[in-house]
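Within every chain, numbering begins at 1; the chains are lettered A, B, ... in the order of the sequence lines, protein sequences first and strands thereafter. The structure displayed is predicted, hence computed values, not measured ones.
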Amino acid sequence: MINELRSSLAAGIGRAVEHITGTVPELVSVEDPPRPDMGDLACPVALQMARKLGRNPRQLGQQIADHLNQHPIAGVRRWTIAGPGFLNAWLDRGAALFELIESVRAGAVAPKPVKVLVEHTSINPNKAAHIGHLRNSCMGDTLARIFRHQGYPVEVHNYIDDTGVQVADVVIGFIDLRGMSADDVRAVPEPFDYYCWDLYTEASERLAHDEQLAERRRVVLRALEAESGVEAEVAEVVVDRIVRRHVRTMRRLGIEYDLLVKEGDILALDLWAEAFERLKRTDSVYQANKGKHEGCWMLHLSGTAGFEDLEEADKVLVRSNGVATYVAKDIAYHLWKYGLLERTFRYERVGGIEPAPDGHEHEVWETTHQGGQEQSFGHADRAVSVIDVRQSYLQSIVGRVFYLVGEPQAGKTFTHFSYEMVALSPVTARALGIPVADDDERQFVEMSGRRGYGVKADDLLDELVRRATEEVGQRNPELSNSERERIGRQIAVGAARYFLLKYARNTVIVFDLEAALSFEGETGPYLQYAAVRASHIFNKLRDRIDVDAAELVGGLLREVEDPVYGATRAGVCDKLANDDGPLWNLVLALGRLEEVIEQAVESLELSLLAKYAFGLAQHFNRFYHGYPIVHAEDADDRALRVLVAYAFQKQLATALELLGIPLPDRM
RNA sequence: GCGCCCGUAGCUCAGCUGGAUAGAGCGUUAGCCUCCGGAGCUAAAGGCCGCAGGUUCGACUCCUGCCGGGCGCACCA
């Protein structure tokens with residue numbers, strides 16, 4: 001609602017300025033005033049123009065305001081001038097409210113013919129997921145939800161590095177340290193990812209100090225790539241089991257994938273070979289014949305735009321032993337994402353994943369190179385990769401390759417969604433038994449899979465569920481245990497997801513366990529509680545005074561003269577016009593939802609949506625305390641409040657859906 | 001060394017393309033359940049916005065230089 005109003009006001013103000021000064025302003029920005037008593041929308045155009053024209057800003061502003069008051073713009077009741085010359089618009093509140101209600105009731109947007117591919121999670125399949133991975137998955141999932149909300153077909157990928165060093169290390173742990181066979185590994189009891197978490201730490205430790213074992217890693221790596229021997233067999237078991245655990249963990253949070261892309265298949269199906277051939281046809285690839293990269297195939301980047309500051313910008317694509325690097329495979333994958341390779345994957349359904357606790361089951365596929373079937377994955381028009389900021393350099397190489405191979409359209413639409421890591425607060429680190437010296441000045445402790453430092457995602461969720469379920473039980477003693485736990489899980493997910501989405505993406509999250517486990521203040525449950533309150537009101541209206549909210553809203557929209565509930569549209573507008581704060585502030589905030597969603601996806605700053613949703617809940621709670629609805633004495637007052645609560649419920653529900661925060665029916 | 005990011009209330013963080021009296025949560029203090037559920041609301045205290053210059057009618061925001069911290073710059077990913 002507000003975004004349309006903003007552009008129509010900007011246009012109207014522009015015309016007024018032109019009429020008065022004879023000059024068309026370059027930019028007319030319509031902003032939100034710092035305080036509600038300064039108006040509903042504000043415009044600093046008089047300040048900018050006055051300077052250019054050598055005029056008094058206050059006087060010019062007054063002239064514009066006078067003109068606008070004589071030639072009104074639809075939606076604005078009056079214009080005032082304030083401060084150094086700000087132009088303040090006071091909206092026609094009734095029109096704004098009913099426009100809001102209309103837009104809230106409008107259906108889904110039209111589908112857009114632009115396929116968006118979102119890659120997220122992409123955890124090394126050798127250990128349990130921790131809260132850092134969770135930040136990635138929550139952001140990727142919310143991004144996907146927003147794209148879908150906007151009408152884009154979305155395909156979600158999770159990239160599985162099944163042939164990398166991290167998997168090799170765990171394979172060494174199983175075979176060399178534990179002396180286990182592939183069948184032994186298959187027989188390891190759940191939670192398998194927890195078992196590997198410890199084993200990986202142990203293997204890393206040994207590998208760091210044992211030359212022979214380190215040499216063994218090179219052998220294992222080659223075996224994984226060649227799919228030979230017990231090493232490859234163990235690796236396959238490890239990857240399969242771990243990936244299923246990851247998918248299960250994320251499913252607890254309402255996060256789903258369409259396709260798991262396995263790095264090994266990029267090699268086995270010669271996607272890399274094809275990409276390599278294509279690269280060789282450009283003049284950007286060469287084989288080094290001397291120096292430290294002798295024998296390696298290199299990607300030429302030195303001196304090219306964006307890489308000129310690096311000492312040795314050229315990147316190894318194929319090692320001297322013939323093994324492709326991670327970047328090489330990622331390049332092939334990204335060319336494939338845009339349908340730029342002839343070759344493609346084979347696919348099969350992923351089995352053996354528990355359905356979500358609520359019974360919901362999403363079809364997950366994975367790539368394969370043995371058997372499988374054809375599917376229409378890929379062929380994206382836009383690709384977004386959610387990967388932490390530490391991989392910015394590598395991602396910029398991937399982005400550059402699109403241009404090198406003559407695919408600027410892909411280069412332009414490819415986005416590295418970067419974000420900062422999650423670190424542990426010293427208090428939380430100590431609580432986990434991670435050594436932090438007392439005189440350590442560090443503000444936080446970085447997590448490390450290699451060292452086993454971190455809060456496992458499932459541990460966080462389990463504790464959240466435990467606390468939430470207990471709290472639900474105390475507040476609702478009449479509920480059965482299974483009901484308590486069902487709601488407890490919803491609250492836990494809300495708490496976890498809000499916590500990981502509320503920070504700006506370039507902010508390092510200093511993870512404090514107690515703060516993350518909180519249900520009060522700026523948290524997911526605060527939002528959920530506000531939503532539950534709203535629906536509770538509608539129940540009460542129906543049960544106690546036989547008012548059906550949908551019917552009331554519908555009647556007022558049709559401007560029924562003598563509505564069943566005794567309110568009239570004119571009466572409602574009159575009440576709204578005389579409101580002195582919280583109610584109108586809520587209406588105004590409700591009108592900004594679509595604008596905030598657009599801003600969030602454009603800036604890739606999902607925290608904007610989280611913060612906005614929290615602000616909505618805050619506005620609602622103030623409204624809730626100050627404006628009785630069921631007990632409202634006047635019919636018009638009650639109708640107005642019902643309309644506002646109705647709009648709130650709808651808008652918050654949309655915001656929560658996008659944030660992936662479940663909406664409990666009670667709490 | 002080079003590049004990117006960050007220094008805002010006791011703590012954790014917001015602050016839109018420069019705009020009006022710099023906000024929120026936690027914590028602290030004081031209030032609010034004969035009234036739609038207190039996971040809530042109200043109020044108070046708490047700030048040389050790291051430091052120093054510059055640009056501007058106007059700087060938390062833009063530029064430069066310092067100081068402090070983080071992350072990158074592998075034949076790891």
Show each protein N/O and nucleotides 4-7 of chain B N/O combination with a separation under 3.5 Å, one pair to a line.
from : atom 1 : to       : atom 2 : distance (Å)
B:C6 : OP1    : A:Asn506 : ND2    : 3.2

- Item | A:Tyr624 six-ring face occupied by A:Arg533 cation (under 6.0 Å, within 45°) |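 Output yes; distance and angle both within limits.
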- Positions of residues 463-473 of chain A (non-hydrogen atom under 4.0 Å from RNA chain B), listed by number: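 Of all residues in residues 463-473 of chain A, the ones placing a heavy atom under 4.0 Å from RNA chain B are A:Glu471, A:Val472.
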- Task: Check RNA chain B for consecutive Watson-Crick or G-U pairs with both distances under 3.5 Å and list the runs of at least three as stems.
- Result: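 Looking at RNA chain B, the stems formed by three or more consecutive pairs are B:1-7 with B:67-73, B:10-13 with B:23-26, B:28-32 with B:40-44, B:50-54 with B:62-66.
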- Message: Suppose we screen for salt bridge (charged side-chain N to carboxylate O under 4.0 Å, His left out). Which residues come up paired with A:Arg542, at least two apart in sequence or across chains?
- Response: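 With neighbours one apart ignored, the set is empty.
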- Tell me, please, which residues at least two apart from A:Arg666 pass salt bridge (charged side-chain N to carboxylate O under 4.0 Å, His left out).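 Applying salt bridge (charged side-chain N to carboxylate O under 4.0 Å, His left out) to A:Arg666 gives A:Glu478.
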- Message: Let's test your reading of the model: under 3.5 Å, does the base of B:A77 pair with the side chain of A:Asp169 as donor and acceptor?
- Response: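 No pair found.
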Can you check nucleotides 10-12 of chain B for protein contacts, nitrogen or oxygen pairs under 3.5 Å, and list what you find?
from  : atom 1 : to       : atom 2 : distance (Å)
B:U12 : O2'    : A:Tyr503 : OH     : 3.4

Under the side-chain contact (heavy atoms from CB on, under 4.5 Å) test, residues paired with [X] that sit two or more places apart:
| X | result |
| --- | --- |
| A:Pro34 | A:Met38 |
| A:Glu463 | A:Arg466, A:Arg467, A:Leu517 |
| A:His246 | A:Ile123, A:Ala129, A:Ile242 |

- In whole angstrom, give me the gap between the P atoms of B:U56 and B:C66.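 Here B:U56 and B:C66 have their P atoms 24 Å from each other.
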- Message: Between B:U61 and B:C49, how many Å separate the two P atoms, rounded to a whole number?
- Response: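 Looking at atom P only, B:U61 and B:C49 are 10 Å apart.
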- Query: Under 4.0 Å: is that the gap between some side-chain N or O of A:His631 and OP1 or OP2 of B:C36?
  - Reply: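 Answer no for this pair, as no side-chain N or O of A:His631 is under 4.0 Å from OP1 or OP2.
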Under 3.5 Å, N/O pairs linking protein and nucleotides 40-42 of chain B:
from  : atom 1 : to       : atom 2 : distance (Å)
B:G40 : OP1    : A:Gly521 : N      : 3.0
B:G40 : O3'    : A:Asn621 : ND2    : 3.4
B:G40 : O2'    : A:Arg533 : NH1    : 2.8
B:G40 : O2'    : A:His625 : NE2    : 2.7
B:C41 : OP1    : A:Tyr526 : OH     : 2.6
B:C41 : O4'    : A:His625 : NE2    : 3.1
B:U42 : OP1    : A:Arg622 : NE     : 2.9

Only pairs under 3.5 Å count here: list side-chain donor-acceptor contacts from residues 606-617 of chain A, not counting sequence neighbours, and write none if there are none.
from     : atom 1 : to       : atom 2 : distance (Å)
A:Ser607 : OG     : A:Glu605 : OE2    : 3.0
A:Lys611 : NZ     : A:Glu522 : OE2    : 3.2
A:Tyr612 : OH     : A:Ala589 : O      : 2.7
A:Tyr612 : OH     : A:Leu593 : N      : 3.1

Give every pair of a protein N or O atom and an N or O atom of nucleotides 21-23 of chain B that lie under 3.5 Å apart, one pair per line with the distance.
from  : atom 1 : to      : atom 2 : distance (Å)
B:U21 : N3     : A:Arg35 : NH1    : 2.8
B:U21 : O4     : A:Arg35 : NH1    : 3.2
B:U21 : O4     : A:Arg35 : NH2    : 2.5

- Message: Given B:A77, B:U17, B:A39, identify the nucleotide with an atom nearest to the side chain of A:Gln391.
- Response: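 The listed nucleotide nearest to A:Gln391's side chain is B:A77.
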